[in-house]
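Okay, structure first, notes after.
Letters A, B, ... mirror the listed sequences (proteins, then strands); counts begin at 1.
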Amino acid sequence: MEKYVHLENVGMAFESKKGRFVALKEVNLTLRQGEFVSLIGHSGCGKSTVLNIIAGLLNPTTGVALALGREIDGPGPERAVVFQNHSLLPWLTCFGNVYLAVERVFGSTENKAQLKARTQVAIDMVKMGHAADKLPNEISGGMKQRIGIARALAMEPKVLLMDEPFGALDALTRAHLQDELMRIVTATGSTVVMVTHDVDEAVLLSDRIVMMTNGPAATVGDIVEVKLPRPRDRLALANDAEYHRYRGAVLEFLYHKELRPATAA
Amino acid sequence: MSQAAPTSASRIDWREVMGQHLVPPLLGFALFLGIWGLIAQANASIPGPASTFWAGVKLFSDPFYIKGPNDVGIGWNILNSLGRVGIGFGLAAAVGIPAGFVLGRFAFVNRMFSPIIGLLRPVSPLAWLPIGLLVFKAAQPAAIWVIFISSVWPIILNTAAGVATVPQDYLNVARVLKLSEWKVFTTILFPSVLPHLMTGIRLSIGVAWLVIVAAEMLTGGVGLGFWVWDEWNNLNVEHIIVAIFVVGMIGLALEQLLMVIAKRFQYN
């Protein structure tokens, strides 16, 4: 299927006390199956809004949003979301959080033992087997984010949506989780949309980088196709001329074409 | 809550524990007893700490005697008061928790009822007593009615506030998973509201215990409030002071117990 996810002339406006705020205007975007796409842009440019429209958490005010050939009508487990702040339920263990999702998606077709096995596989995939019985508040931020990823992957979604998944983590943990994510996505062949504001992250992970113009009325400014061969190795890429060319292109867009005043950043 | 000593320390510094956590409250009690003793010496009608203490010991040496409808042991008085608070509070919880969930979940209902709640909540609990007597035509249910009406508000308001402030992130998880309404309630709404609900219950039982003495003074029967009034008629001031301490200690114990329970439901 060529048009796995398809946004056509999508616009989004919010009604606020100060009147109508147009967040997005005429956003056009098509995702292919198995593709890793990053949305990058300055704060407040509406990249999370695009993600939430694909997730079905927001309804676009204008335009058409399609996923898997059907109009997006509300959220659903086939479009799993990894939230920025992990959003694990603090009263459930790590296992319980993942199990809740697994039970919802596969509960009608599989028995308890199979559901538990699925949960365990997902937790092992993010290397959190040792902490499965811990509560979210007993583990670090990076570990919580791993469980958030495990919860999303365990649902075997058609599209994996990630909203700045590593934004709140320190640089070393972030690099580590990026490598893990690359490994997992290669293994599962997932279609991924990731919101980020980290240029290196975007270039390292993506097949395409969608660069958004500044809001209000933000839209797709330009798209960079990253043709670096996979698997990618961050150390090898550090001295790779192609890598730096892509990086330069994104930086050029963000800090030359779409530079916003420091006060608004 | 103050902790005795940092748990990371390999050895507990007993001098620090004594100095910081044992000596100040003991000093406070000593000062309190001293002032009380001075007042008692200046005013012969007020019994001192010693005679009150011995009166208390005598009362608690035989707490469960029954010598007539107006003369029963202090244990029976306590149990009767606790029983009334329990029934009144239980009814308040049975009505207040579901009402709080509805008010928190539906803004329309909330706007409908919050002016009425705002109007009725500040009313002194005892003002409801005549209404209770009128409707129930008996003192016992009227006392329970007063407990109910005064302790229902904190439960409703805290539950509603808890429901209204369930983090949107958790609700988004529910939406992405397309959980059923029942599953949303059991796995997200209820656990998320529990800490608020526990606060409501704690405030509510506190109010109920405050009100019970006054309500029983007016309605009679077996109970701490009526006992205080009876001993006032007998001019047995020692027993009145003992009653004050008993009411205070039970109130404190209830509060502490609920704090311990509430702590189990704190996730952050």
Side-chain angles (χ1 to χ4, degrees), chain A residues 48 51-52 54-59 67 72-93 96-108 134-139 144-145 147-148 151-164 168, chain B residues 1 3 6-8 97 100-101 104-108 111 158-202 258-268:
Chain A
S48 290
L51 191 92
N52 284 335
I54 300 174
L57 291 167
L58 289 175
N59 276 323
I72 295 172
D73 180 24
E78 77 283 358
R79 280 163 285 127
V81 184
V82 176
F83 296 94
Q84 185 171 5
N85 49 357
H86 63 76
S87 294
L88 299 178
L89 302 176
W91 42 85
L92 296 179
T93 61
N97 268 287
V98 178
Y99 188 81
L100 181 69
V102 171
E103 188 189 34
R104 173 64 189 84
V105 178
F106 302 103
S108 55
K134 293 218 160 111
L135 291 172
N137 286 317
E138 298 168 341
I139 59 177
K144 281 181 219 175
Q145 206 50 276
I147 296 295
R151 175 172 64 184
L153 287 170
M155 294 151 72
E156 292 190 354
K158 299 280 196 286
V159 185
L160 180 61
L161 303 167
M162 309 179 92
D163 190 358
E164 296 190 27
Chain B
M1 289 291 299
Q3 288 284 308
T7 47
S8 56
I97 294 173
F101 269 100
R105 197 89 168 107
F106 306 104
F108 184 86
R111 268 178 237 131
N158 279 283
T159 307
V163 173
T165 56
V166 171
Q168 188 59 43
D169 293 337
Y170 300 161
L171 296 175
N172 278 343
V173 171
R175 289 179 64 198
V176 168
L177 290 177
K178 279 196 177 161
L179 297 176
S180 64
E181 269 295 319
W182 175 246
K183 196 84 181 164
V184 171
F185 179 79
T186 55
T187 58
I188 293 174
L189 228 43
F190 192 71
S192 178
V193 171
L194 252 182
H196 295 265
L197 182 56
M198 286 309 299
T199 306
I201 288 175
R202 197 158 51 80
L258 289 165
M259 292 274 254
V260 169
I261 298 173
K263 243 186 195 164
R264 288 208 47 218
F265 298 112
Q266 293 291 348
Y267 309 103
N268 299 315

Chain B contact via [X] - which portion, at a heavy-atom distance below 4.5 Å:
X: Leu135(A); value: neither
X: Arg151(A); value: side chain
X: Asn85(A); value: side chain
X: Ala101(A); value: both
X: Glu103(A); value: side chain
X: Ala80(A); value: backbone

Gap between atom CD1 of Ile188(B) and atom CG of Leu100(A) - 0.5 Å precision: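 Leu100(A) atom CG to Ile188(B) atom CD1 measures 6.5 Å (nearest 0.5 Å).
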
Inter-residue atom distance Asn172(B).CG - Phe83(A).CZ, 0.5 Å rounding: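 Going from the CG atom of Asn172(B) to the CZ atom of Phe83(A) covers 5.0 Å.
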
Has Trp91(A) got a side-chain atom pairing as donor or acceptor with Phe265(B)'s backbone, closer than 3.5 angstrom?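 Side chain of Trp91(A) to backbone of Phe265(B): no pair is present.
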
Residue part contacting chain A, namely of Ser192(B), when any heavy atom lies under 4.5 Å: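 For Ser192(B), the contact with chain A is made by backbone and side chain together.
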
Compare every heavy atom of [Y] with every heavy atom of [X], then report the nearest pair and how far apart it is.
X: Tyr170(B); Y: Leu88(A); answer: CE2-O, 3.6 Å
X: Val176(B); Y: Pro75(A); answer: CA-CB, 3.8 Å
X: Leu89(A); Y: Thr187(B); answer: CD1-O, 4.0 Å

Take atom CZ of Arg104(A) as the centre, draw a 6.0 Å sphere, and report whether it contains more than 12 heavy atoms from other residues, nucleotides or ligands.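 For Arg104(A), atom CZ is crowded (more than 12 foreign heavy atoms under 6.0 Å).
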
